[in-house]
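Worth knowing before you read on, the calculation uses all heavy atoms, side chains too, and leaves out hydrogens, waters and symmetry mates.
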Amino acid sequence: MSIYFQKTYQRSFGTFPLRGAELTGAMKTAVDVGYRSFDTAQMYGNEADVGAALAETGVPRDELCVTTKVHPENFGEDRFLPSVEKSLKDLRLDYVDVLLLHWPPIGGAVTGPVKLLEKARSIGFARHIGLSNHTAQMMRDAARTIDTPLATNQVEFHPLLNQDKLLAAATETGIPLSSFCSVARGKVFSYPLFTVLAEVYGKSPAQIVLRWILQKGVSINTMSTKPANIQANFDTMNFTLSSVDMARIDAMTATNYRIVGKAAVAWAPDWD
């Protein structure tokens with residue numbers, strides 16, 4: 001079972017692009033609501049702010065699930081482990097619960113970075129390791145490279161994008177998916193189906209979308225600075241979408257609206 005489907009961790013609070021007082025306030029609200037899983041990355045430039053905010057919450061370490069990600073510029077053998085040590089120092093932690101490769105290596109094979117990821121785990125820098133923004137074939141390559149199970153592949157995942165190939169690879173490799181851009185940065189709200197279903201279930205359109213993702217077996221990362229939205233994004237476990245309504249939302253994936261492509265991130269891979 002994925003670490004993210006233990007306790008309340010299937011609902012992680014994302015921290016991009018927050019920093020400073022705005023991040024601290026949002027994380028305090030998230031903790032008060034019930035979040036115990038928090039997601040950051042070297043690339044976000046906010047690990048130190050996340051560490052300070054976590055320290056202020058007073059939540060016992062063993063109740064937290066903290067994820068961070070290594071940037072591709074640190075994938076070399078001389079930079080990988082020192083970069084993780086810096087992340088730990090900034091986060092004020094002895095280890096992270098999940099350490100991910102934020103992107104595939106630029107112009108190279110996944111084999112080397114995955115082995116370095118496993119090394120970071122073996123020396124105690126991380127309890128679990130995994131991937132982010134990797135293709136189906138990269139998932140297969142990574143799974144064959146090391147014996148250590150990979151905890152996740154964190155990818156763009158929402159009802160307006162068909163990720164069936166990644167879901168199939170998740171089943172094949174045993175690497176669960178985790179979502180970011182879970183409501184397609186608000187794009188889903190322009191489609192009437194989610195408003196219609198929200199009225200049927202007595203929920204918000206965002207809660208319908210997030211529940212669909214969870215029922216696909218994918219954990220969610222959401223970010224907001226608005227207390228009402230932070231609460232609503234967490235309150236997604238007390239209802240179930242019918243198989244008929246799941247299928248109606250499944251049909252929306254034919255839209256194939258992608259946010260994180262090469263136009264947004266130059267080193268993004270060629271997606272499935």
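In terms of heavy atoms, L150 sits closest to P176 at O-CD, 3.9 Å. Closest approach of A143 to T173, counting heavy atoms only: CB-CB, 4.2 Å. The nearest pair of heavy atoms linking L241 to M246 is CD1-SD, 3.8 Å. The shortest non-hydrogen separation linking T255 to Y191 is CG2-OH, 3.5 Å. Taking both residues in full, the closest heavy atoms of P82 and D78 are given as CG-O, 3.6 Å, listed atom of the first, atom of the second, then distance. Counting all heavy atoms, side chain and backbone alike, L166 lies closest to A136 at CD2-N, 3.5 Å.
In this structure, K187 forms a cation-pi arrangement with Y257, its terminal cationic atom sitting closer than 6.0 Å to the ring centre and no more than 45° off the ring axis.
Note on R11 versus D235: no salt bridge recorded, every NZ/NE/NH1/NH2 to OD/OE distance being 4.0 Å or above. Using a cutoff of 4.0 Å between basic side-chain nitrogens and carboxylate oxygens, R61 and D94 are not scored as salt-bridged.
Looking only at atom types and distance, the side chain of Q207 has no donor-acceptor partner in the side chain of R211 under 3.5 Å away. Using modelled atom types and a 3.5 Å distance limit, the side chains of N153 and S178 yield no donor-acceptor pair. K226 and N233 are not linked by any side-chain donor-acceptor pair at a separation below 3.5 angstrom, with hydrogens and angles left out of the test. Residues T68 and Q42 bring no donor and acceptor atom of their side chains to less than 3.5 Å of each other. Checked by atom type, the side-chain pair S242/D245 shows a donor-acceptor distance below 3.5 Å. E118 and T148 share a side-chain donor-acceptor pair at under 3.5 Å.
Rounding to the nearest 0.5 angstrom, the gap separating the CG atom in N221 from the OG atom in S37 is 7.0 Å. For the atom pair CG (L160) and OG (S190), the distance works out to 7.0 Å, reported to the nearest 0.5 Å. Note that NZ of K86 is 15.5 Å distant from CG of L81, once rounded to the nearest 0.5 Å. Residue L193 holds its CG atom at 5.0 Å from CZ of R248, rounded to the nearest 0.5 Å. Rounding to the nearest 0.5 Å places OG1 of T253 at 7.5 Å from NZ of K216. Separating the CZ atom in R140 from the CD atom in E172 is a distance of 4.5 Å, to the nearest 0.5 Å.
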Query raised in the report: Can you check side-chain contact (heavy atoms from CB on, under 4.5 Å) on T195 and F189, steps first, answer last?
Result: CA-CA 8 Å; T195 300; F189 304 136; over 6 Å; no
Report task. Could you give me the CA-CA distance, side-chain angles and deciding distance for M252 and H158, then say whether side-chain contact (heavy atoms from CB on, under 4.5 Å) is met? Result -> CA-CA 10 Å; M252 297 294 297; H158 51 74; over 6 Å; no
Report task. Apply side-chain contact (heavy atoms from CB on, under 4.5 Å) to the pair I220 and Y4, showing each step before the final yes or no. Result -> CA-CA 9 Å; I220 55 178; Y4 294 119; over 6 Å; no
Requested in this report: Go through the steps to decide whether T15 and N46 satisfy the test side-chain hydrogen bond (donor to acceptor under 3.5 Å, both in side chains), and finish with yes or no.
Outcome: CA-CA 8 Å; T15 62; N46 67 3; 3.2 Å; yes
Requested in this report: Evaluate the side-chain contact (heavy atoms from CB on, under 4.5 Å) criterion for residues L100 and V70: first the C-alpha distance (whole Å), next the side-chain angles of each, then the deciding distance (0.1 Å), finally the verdict.
Outcome: CA-CA 6 Å; L100 307 179; V70 182; over 6 Å; no
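At a threshold of 4.5 Å between non-hydrogen side-chain atoms, the residues W103 and P269 count as touching. The side-chain heavy atoms of P17 and M223, taken from C-beta on, include a pair separated by under 4.5 Å. Looking only at side-chain heavy atoms (C-beta outward), P113 and P105 come within less than 4.5 Å of each other. A heavy-atom distance below 4.5 Å is found between the side chains of L88 and V96. Using a 4.5 Å heavy-atom threshold, the side chains of F13 and D39 count as separate. The closest side-chain heavy-atom distance from F38 to L64 is below 4.5 Å.
Cluster annotation: Y95 and L54 are assigned to distinct hydrophobic clusters (Ile/Leu/Val/Met/Phe/Trp/Tyr, side-chain heavy-atom contacts under 4.5 Å, transitive). Cluster annotation: V59 and L23 are assigned to the same hydrophobic cluster (Ile/Leu/Val/Met/Phe/Trp/Tyr, side-chain heavy-atom contacts under 4.5 Å, transitive). I123 and L101 fall within a single hydrophobic cluster, where Ile, Leu, Val, Met, Phe, Trp and Tyr are joined by side-chain heavy atoms under 4.5 Å apart, directly or via other members. Taken together through direct or relayed side-chain contacts under 4.5 Å among Ile, Leu, Val, Met, Phe, Trp and Tyr, L161 and F194 form parts of separate hydrophobic clusters. A continuous path of Ile, Leu, Val, Met, Phe, Trp and Tyr side chains, each step under 4.5 Å between heavy atoms, connects I208 with M237, placing both in one hydrophobic cluster.
Close placement of the Y44 and F16 rings is indicated, their centers lying within 6.0 Å of each other. Between F234 and Y35, the ring center distance clears the sub-6.0 Å criterion. Annotation: W212 is in aromatic contact with F157 [ring centroid separation under 6.0 Å].
Classified by interplanar angle (parallel below 30°, tilted 30° to 60°, perpendicular above 60°), the ring pair F80/F75 is tilted.
Residue E77 qualifies as open at atom CD: its count of foreign heavy atoms under 6.0 Å is 12 or below. Heavy atoms of other residues, nucleotides or ligands lying less than 6.0 angstrom from CG of N256 number more than 12. R144 CZ: more than 12 foreign heavy atoms inside a 6.0 Å radius.
Of the possible polar contacts, none joining the Q10 side chain to the L214 backbone as a donor-acceptor pair under 3.5 Å is found. Using a distance-only test at 3.5 Å, with no hydrogens or angles considered, a donor-acceptor pair links the side chain of K262 to the main chain of A268. Within the 3.5 Å criterion, the main-chain N or O of S83 finds a donor-acceptor partner in the side chain of S87. In this structure a side-chain-to-backbone donor-acceptor pair under 3.5 Å is present from K69 to T40. D97 places a side-chain N or O within 3.5 Å of a backbone atom of V66 that can act as its donor or acceptor partner. In terms of modelled atom types and a separation under 3.5 Å, the side chain of D272 and the main chain of K165 share no donor-acceptor contact. With hydrogens and angles ignored, the 3.5 Å screen pairs a side-chain donor or acceptor of S179 with a backbone N or O of S219.
Counting only residues at least two apart or on different chains, the side chain to side chain donor-acceptor pair (under 3.5 Å) pairs with a member in residues 21-34 are K28-D32.
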For residues 127-135, run the donor-acceptor check on the side chains, cut-off 3.5 Å, and write out each pair with its distance to 0.1 Å, sequence neighbours left out.
unit_1 : atom_1 : unit_2 : atom_2 : d
S132   : OG     : Q154   : O      : 2.9
N133   : ND2    : H102   : O      : 3.0
H134   : ND1    : S132   : O      : 2.7
T135   : OG1    : M138   : N      : 3.2

